[in-house]
**Q** 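First the structure, then my questions, so here it is.
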Amino acid sequence: MSGSSKKAGRRMSSQKNLNKDLGDVTLNDYANSPVSNGKGRLKKAASNSVVREVKQLTAETDDRAWYEKLEDYEGDFEFVEEDGEDGERAVIVKRNPRRRRKTASEGDSIDDGGVEYPLDIWFLISEHIRPEDVSIFARICKSALHVVSTAKFWFHLYRRHYRTVPNLPERLQPECMVRLYGLRACVIRALHFTYPPFVNKLKAVTTFEGDPHNLTKRQCILMWHQKCKNQWLFFFKLKQSNLVLGRGTGGPTRQPDLLEMLEDVSANQDEGCKVLQVTCLNYIAIPMVMGLSLFSVSLTLARGMRHHRLNLAFVSDHMCYTAGKPNISDTSTVTLDPVINVRVLDWWHPMYPHATHTNYSPQDRD
């Protein structure tokens, strides 16, 4: 064979080997390479691969700052393990080409990939929601919240769980549950008479239901007493401040007309109100504290160690929110002794004294 043919054969062999080595940069080209090239340099294939990758990244001119370009290439590279031509496993770096996300200034909004379902679907789902899960369902999305605020939802919830029970107030009877005004509050009250999980939860507590210490900073808007067999019941209706309820902080609001008021499903005159019911053995003369706010509560054992002694300190509304302890001269103290039982009743409680007569007594809970 002539010398020219031998040189041509070597060039073809080297060109074949070069094409074989061309490709992505692998870890085998660096740390796992069995033979060093003796000069401490990268293999030509690895060097060419890096150069090609850099050229691809810099092919398009971009005048943005470097920190503005980071988001464009976030997640563009990944490590993939593949089989090499020599049969060995190698980890290579690959680039995932993707389009740069448009900014808000470019006029296109970013699609979050969410799905908006029709409102009818949420109405169908609401027909299977348990009463104790209504709050969770309403926080799913705006459509679910809209469903919970409709009269249709509360009518269906009432029909699902209504059953004939004794001592159900007249306002909560089916013939009276056709009114839209205050429908939500009435359904919630009715569920505490008819829905077994709610009824059993109330029956589990017999004495000293609720903590009277949690009633501080509430204004007494009504107080009365009544005799029940050989005991005396003292009632204090305490209402939470409008600032705590999130009202009274904004500007003037539009007053709804009469039709809007009659169709207000969420209306509740007793919202933010609780009643402190104290049962005593004897009648006790107490001062008038209507219009004052409860500042402190003290519940201790009475002198005979058989019953309790309850002290309620009331001050003016503006003094209740000021720092420091008010003077004794500015405080009206209600002392009840001996105390047999103390209950804190929410507006939805069956024993809560509403405007209508309920004929509900403690013995009915047994």
Side-chain angles (χ1 to χ4, degrees), residues 185 205-249 268-358 360-362:
V205 183
T206 57
T207 59
F208 289 86
E209 183 175 354
D211 188 1
H213 296 85
N214 296 331
L215 299 177
T216 56
K217 296 186 178 182
R218 289 174 176 262
Q219 186 181 26
C220 180
I221 60 176
L222 190 62
M223 58 179 296
W224 72 97
H225 61 272
Q226 68 181 41
K227 188 175 183 180
C228 180
K229 296 183 179 180
N230 297 327
Q231 302 171 353
W232 285 86
L233 301 179
F234 294 86
F235 298 89
F236 301 89
K237 188 173 183 179
L238 305 170
K239 186 174 183 179
Q240 207 165 24
S241 173
N242 288 334
L243 296 177
V244 179
L245 293 174
R247 301 173 180 173
T249 56
N268 186 6
Q269 296 180 352
D270 292 308
E271 183 180 1
C273 294
K274 291 188 178 184
V275 170
L276 175 63
Q277 175 185 312
V278 184
T279 306
C280 298
L281 285 177
N282 308 316
Y283 172 78
I284 303 171
I286 58 177
M288 179 65 64
V289 293
M290 288 180 55
L292 301 180
S293 298
L294 182 61
F295 180 75
S296 64
V297 178
S298 175
L299 183 62
T300 58
L301 288 175
R303 180 177 300 178
M305 304 295 288
R306 295 179 56 187
H307 305 293
H308 290 78
R309 177 188 178 95
L310 180 64
N311 290 326
L312 305 174
F314 290 86
V315 296
S316 59
D317 191 37
H318 71 278
M319 294 181 61
C320 189
Y321 289 92
T322 58
K325 186 176 181 180
N327 298 327
I328 300 178
S329 58
D330 300 330
T331 304
S332 296
T333 303
V334 176
T335 302
L336 299 173
D337 183 20
V339 174
I340 301 176
N341 193 11
V342 177
R343 284 193 175 100
V344 178
L345 306 176
D346 292 279
W347 61 266
W348 41 260
H349 198 285
M351 297 183 64
Y352 185 91
H354 287 270
T356 56
H357 188 55
T358 61
Y360 193 88
S361 62

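Note that these values count all heavy atoms, side chains included, but never hydrogens, waters or copies made by symmetry.
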**Q** Look up atom NE2 in His354 and atom CD in Gln269, then write down how far apart they are to the nearest 0.5 Å.
**A**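 It is 10.5 Å, given to the nearest 0.5 Å.
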**Q** Applying the side-chain contact (heavy atoms from CB on, under 4.5 Å) criterion to Leu215, which one of Val297, Leu294, Leu312 satisfies it?
**A**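 Passing option: Leu294.
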**Q** Between Ile340 and Gln231, is there a side-chain heavy-atom distance shorter than 4.5 Å?
**A**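 Yes, at least one pair of side-chain atoms sits under 4.5 Å.
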**Q** Grab the two heavy atoms, one from Ile286 and one from Phe234, that are nearest each other, plus how far apart they are.
**A**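 That closest heavy-atom pairing would be CD1-CD2, 4.0 Å.
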**Q** Is there a side-chain contact between Thr216 and Ser296 (heavy atoms, below 4.5 Å)?
**A**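 No, side chains not in contact.
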**Q** Look at the side chain of Asp346 and the backbone N and O of Trp348, then say whether any donor-acceptor pair between them is shorter than 3.5 Å.
**A**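 Pair absent, no side-chain N/O of Asp346 close to backbone of Trp348.
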**Q** Could you walk me through whether Phe295 and Lys217 pass the side chain to side chain contact (heavy atoms under 4.5 Å, CB included) check?
**A** CA-CA 6 Å; Phe295 180 75; Lys217 296 186 178 182; over 6 Å; no
**Q** Looking at Gln219, Gln240, Lys239, Arg218, which one forms a side-chain contact (heavy atoms from CB on, under 4.5 Å) with Cys273?
**A**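 For Cys273, the side-chain contact (heavy atoms from CB on, under 4.5 Å) test succeeds with only one of Gln219, Gln240, Lys239, Arg218, which is Lys239.
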**Q** Any heavy-atom pair between the side chains of Lys274 and Leu276 that's under 4.5 Å?
**A**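 No; the side chains remain at least 4.5 Å from each other.
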**Q** Would you say that Met223 contacts Met288 through its side chain, given a criterion of any heavy-atom pair below 4.5 Å between the two side chains?
**A**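 A side-chain contact under 4.5 Å exists here.
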**Q** Could you tell me whether the side chain of Asn268 and the main chain of Ala185 form a donor-acceptor pair under 3.5 Å?
**A**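 Side chain of Asn268 to backbone of Ala185: no pair is present.
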**Q** Looking at every non-hydrogen atom in both residues, tell me the closest pair between Trp232 and Leu281 and how far apart they are.
**A**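 In this case the closest contact between Trp232 and Leu281 is CD1-O, 4.1 Å.
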**Q** Where do Leu345 and Met351 come nearest, in terms of heavy atoms and distance?
**A**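 Between these two residues, the closest heavy atoms are CD1-O, 3.4 Å.
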**Q** When rounded to the nearest 0.5 angstrom, what distance separates CZ in Phe314 from OG in Ser293?
**A**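 Answer for the CZ-OG pair, Phe314 versus Ser293, is 9.0 Å.
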**Q** Can you pull the salt bridge (charged side-chain N to carboxylate O under 4.0 Å, His left out) pairs that have at least one residue in residues 283-303, sequence neighbours excluded?
**A**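 The answer is none; no pair qualifies.
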**Q** Do Phe236 and Val289 have side chains that approach each other closer than 4.5 Å (heavy atoms only, starting at C-beta)?
**A**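 The answer is yes; the side chains approach within 4.5 Å.
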**Q** Does CD belonging to Gln226 count more than 12 external heavy atoms closer than 6.0 Å?
**A**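 It does: Gln226 CD has more than 12 such atoms within range.
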**Q** Could you check whether any side-chain heavy atom of Tyr283 comes within less than 4.5 Å of a side-chain heavy atom of Lys227, counting everything from C-beta outward?
**A**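 Of all side-chain heavy-atom pairs linking Lys227 with Tyr283, none is under 4.5 Å.
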**Q** Aromatic ring centroids of Phe235 and Trp224 under 6.0 Å?
**A**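 They qualify: ring centres under 6.0 Å apart.
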**Q** Check side chain to side chain donor-acceptor pair (under 3.5 Å) between His213 and all other residues, then give those that pass, not counting sequence neighbours.
**A**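 Counting only residues at least two positions away or on another chain, His213 forms a side chain to side chain donor-acceptor pair (under 3.5 Å) with Asp211.
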**Q** Distance from Met290 atom CE to Lys237 atom NZ, nearest 0.5 Å?
**A**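 One finds 10.5 Å between CE of Met290 and NZ of Lys237.
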**Q** Under the ring pair (Phe, Tyr, Trp, His ring centres under 6.0 Å) rule, what do Tyr352 and Trp347 come out as? Steps first, then yes or no, please.
**A** CA-CA 6 Å; Tyr352 185 91; Trp347 61 266; 8.1 Å; no
**Q** Using atom types as modelled, flag every donor-acceptor pair under 3.5 Å from a side chain in residues 331-338 to any protein atom, sequence neighbours excluded.
**A**
from   : atom 1 : to     : atom 2 : distance (Å)
Thr331 : OG1    : Asn327 : O      : 2.9
Thr335 : OG1    : Asn311 : OD1    : 3.0
Asp337 : OD2    : Arg309 : NH1    : 3.3

**Q** Taking the side chain as every heavy atom from C-beta outward, state whether Ile221 and Leu238 have any atom pair closer than 4.5 Å.
**A**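 No; the side chains remain at least 4.5 Å from each other.
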**Q** Do you know which two heavy atoms are closest between Leu233 and Cys228, and how far apart they sit?
**A**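 What the structure gives for the nearest pair is CD1-CB, 4.0 Å.
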